[in-house]
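What follows is one structure encoded as structure tokens, with my remarks underneath.
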Amino acid sequence: MTDTGHIGVIDSLLDTDAYKLHMQQAIFHQYPNIEAAAEFHCRSHEDLRPYCNDIQEQVNRLADLSFTGEELDYLATLPFFKADYLDYLKRFKLDSNQVEIDASGEQLTIKITGKWIDVILWEVPLLAIISEVRSSKCYPNSSADDAIKQLKEKLSDFYSKAEGTDLSQFNLVDFGSRRRFSKDVHHAVVDFLKDNMPEFKGTSNYHLARTRNLTPVGTQAHEWFQAHQQLSGELADSQQLALNRWLQEYPDSLGIALTDCINMDAFLRDFDLRLSKRFTGLRHDSADPIAWGEKAIKHYESLGIDPKTKTLVFSDSLTLDKALNIYKHFAHRANISFGIGTQLTCDLPDVKTLNIVIKLTECEGRPVAKISDEPGKSICRDEGYLTQLRQAFKIANS
């Protein structure tokens, strides 16, 4: 593959996940002056310090980009973007001074600080940069052709295992922007799926949605709920405030709610009849997907809501095999959709995938966190704050 030192890994600000722009518009209208901080974490415990200079060079290149007229015209065709926000995007640029990259310690550290409305758009392209820089150094001879060969084998296996199964409600969406092997691999995988898999329904990546005429998919991420921990009067009210502020911004669209910032049980306690009716469905992102789905269906049924009118989106470390097993369990009990990321866009022979994240750690100078349904998915060094969070939402210490 091409040495990333000589090219821009990211060449469009639309090369990001849809939920980032959806959240940014809500921030633009509701929280334009809120300060925030986010931090990088490598869950794989791989030493990424040797790539520091290359990553910094790509960050500097990224700060030179602007949204193009064609990109803004495309966003204007979508029903949920407002004219004032699109006008804001005409002038928007990322500020590389907000990104502090340090290789002096035992691991690469990256911290992003500034207005939340700015910080929010760094995560996806920065993770894609880190992933592609590392790929170009560790696997210089791997290519998009290798990824497609592997994908063909996986699809053949998928359809073999699905024989006799009605796949008419199986919906697959590309969620692979952040940890992709490279931009070329990502594009090749999406193009192949579009041409060869009828169950492929869209992408979370706005650049690919625009250039491939695909449906863009995404609502909100954990940071939306995390920030509200410091934007609500009472910590226990923060989750409901986040949900209601989302409905304020998007009353008739983008209605999938993420459930695991605290955990599923705490979420469902806040997800009352009104919210359950207003939101079109729920997204799973940690812990056992079958147990989660059963809880979701039971919750809807307890409120007199037909689960078949709701959508369950599964997006936690999925493979095609895992998605098929989940689908076989829940098919025809609810609308089922799958967001698959790393296992589509960074699946090449002999390539070790990299588990990297950037998570919000502060809002207005105070800590925020997620507890999740899965231990180890939170970044919060303030144990006192985690104790407050657990107490507020009646969560036992794990």
Side-chain angles (χ1 to χ4, degrees), residues 4-40 51-78 80-102 110-133 177-178 180 183 186 204-211 216 218 220-221 223-224 227 249 358-364:
T4 58
H6 302 293
I7 61 170
V9 170
I10 305 293
D11 53 18
S12 167
L13 287 181
L14 269 194
D15 190 0
T16 192
D17 282 332
Y19 65 16
K20 286 295 181 174
L21 295 184
H22 301 161
M23 289 188 291
Q24 191 191 42
Q25 176 172 254
I27 297 165
F28 173 76
H29 287 135
Q30 301 179 37
Y31 304 113
N33 296 310
I34 294 298
E35 298 283 333
E39 294 183 23
F40 168 77
Y51 317 130
C52 178
N53 291 337
D54 290 315
I55 293 168
Q56 183 67 65
E57 180 185 341
Q58 293 294 331
V59 164
N60 295 341
R61 287 174 180 260
L62 188 58
D64 292 332
L65 295 177
S66 301
F67 288 97
T68 69
E70 291 83 359
E71 290 171 339
L72 294 172
D73 288 344
Y74 163 74
L75 295 180
T77 67
L78 302 171
F80 34 78
F81 286 120
K82 308 293 194 301
D84 59 346
Y85 171 64
L86 295 179
D87 188 59
Y88 164 77
L89 289 185
K90 289 179 184 178
R91 306 179 300 275
F92 181 83
K93 292 181 81 73
L94 289 166
D95 180 359
S96 60
N97 292 320
Q98 294 175 332
V99 182
E100 181 183 347
I101 304 173
D102 185 11
I110 302 175
K111 186 170 184 178
I112 311 161
T113 54
K115 299 288 186 187
W116 186 22
I117 196 170
D118 298 323
V119 170
I120 195 168
L121 283 201
W122 274 109
E123 177 193 351
V124 177
L126 184 48
L127 288 174
I129 284 169
I130 294 167
S131 185
E132 183 157 353
V133 166
S177 299
R178 296 179 301 157
R180 64 196 186 191
K183 178 172 56 183
H186 189 191
S204 65
N205 185 287
Y206 257 130
H207 173 71
L208 287 172
R210 182 181 81 87
T211 57
Q220 80 285 120
E223 68 182 288
W224 182 254
E249 188 70 27
I358 292 175
K359 292 295 182 185
L360 207 68
T361 54
E362 295 177 18
C363 180
E364 291 292 84

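Excluded from the calculations below are hydrogen atoms, water molecules and symmetry mates; all remaining heavy atoms, backbone and side chain alike, are included. Remember, it's a predicted structure, so these values are computed and weren't measured experimentally.
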Can you confirm whether more than 12 heavy atoms, excluding those of Glu100, are under 6.0 Å from its CD atom?
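At most 12 heavy atoms, drawn from other residues, nucleotides or ligands, come within 6.0 Å of this atom.
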Would Asp87 and Lys90 satisfy salt bridge (Lys or Arg N to Asp or Glu O under 4.0 Å), going step by step from the backbone distance to the final call?
CA-CA 5 Å; Asp87 188 59; Lys90 289 179 184 178; 3.8 Å; yes
For [X] against [Y], the heavy-atom pair lying closest together:
X	Y	result
Gln58	Val9	OE1-N, 2.8 Å
Ser204	Ser177	OG-OG, 4.3 Å
Ile101	Cys52	CG2-SG, 3.6 Å
Val119	Ala36	CG2-O, 3.9 Å
Leu65	Ser12	CD1-N, 3.7 Å
Pro32	Ile117	O-CG2, 4.1 Å

Is the shortest side-chain heavy-atom distance between [X] and [Y] below 4.5 Å?
X	Y	value
Leu121	Leu13	no
Leu126	Val99	yes
Thr211	Leu14	no
Cys363	Tyr31	no
Glu132	His186	no
Gln24	Leu89	yes
Phe67	Leu21	yes
Asp84	His29	yes

Between Asn53 and Glu57: side-chain donor-acceptor atoms closer than 3.5 Å
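No - no donor-acceptor pair under 3.5 Å links their side chains.
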With Trp116, which residues qualify under ring pair (Phe, Tyr, Trp, His ring centres under 6.0 Å), at least two apart?
Trp224
So, taking the atom named [atom1] in [X] and the one named [atom2] in [Y], what distance separates them when rounded to the nearest 0.5 Å?
X	Y	atom1	atom2	result
Phe28	Tyr88	CZ	OH	7.5 Å
Leu78	Arg210	CG	CZ	11.5 Å
Leu72	Leu86	CG	CG	6.5 Å
Leu75	Tyr206	CG	OH	6.5 Å
Thr361	Ile112	OG1	CD1	9.5 Å
Thr16	His207	OG1	NE2	12.0 Å

Under the salt bridge (charged side-chain N to carboxylate O under 4.0 Å, His left out) rule, what pairs show up with a residue in residues 67-77, not counting sequence neighbours?
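Output for this query is empty, none listed.
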Pairwise salt bridge (charged side-chain N to carboxylate O under 4.0 Å, His left out) hits with a residue in residues 8-26, at least two apart:
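Output for this query lists Asp11-Lys183, Asp15-Arg180, Lys20-Glu123, Lys20-Glu223.
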Is there a donor-acceptor pair closer than 3.5 Å between any side-chain N or O of Gln98 and the backbone N or O of Gly114?
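Such a contact is absent between Gln98 side chain and Gly114 backbone.
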Between the side chain of Gln25 and the main-chain N/O of Lys82, is any donor-acceptor distance below 3.5 Å?
yes
Verdict with reasoning, Ile129 to Ile10, per side-chain contact (heavy atoms from CB on, under 4.5 Å):
CA-CA 7 Å; Ile129 284 169; Ile10 305 293; 3.9 Å; yes
Answer yes or no: is there an ion pair linking Glu35 with Lys115, defined by an N-O contact shorter than 4.0 Å?
yes
Go through the steps for His22 and Phe80 under the test ring-ring contact (aromatic ring centres under 6.0 Å, His included), then give the verdict.
CA-CA 8 Å; His22 301 161; Phe80 34 78; 5.1 Å; yes
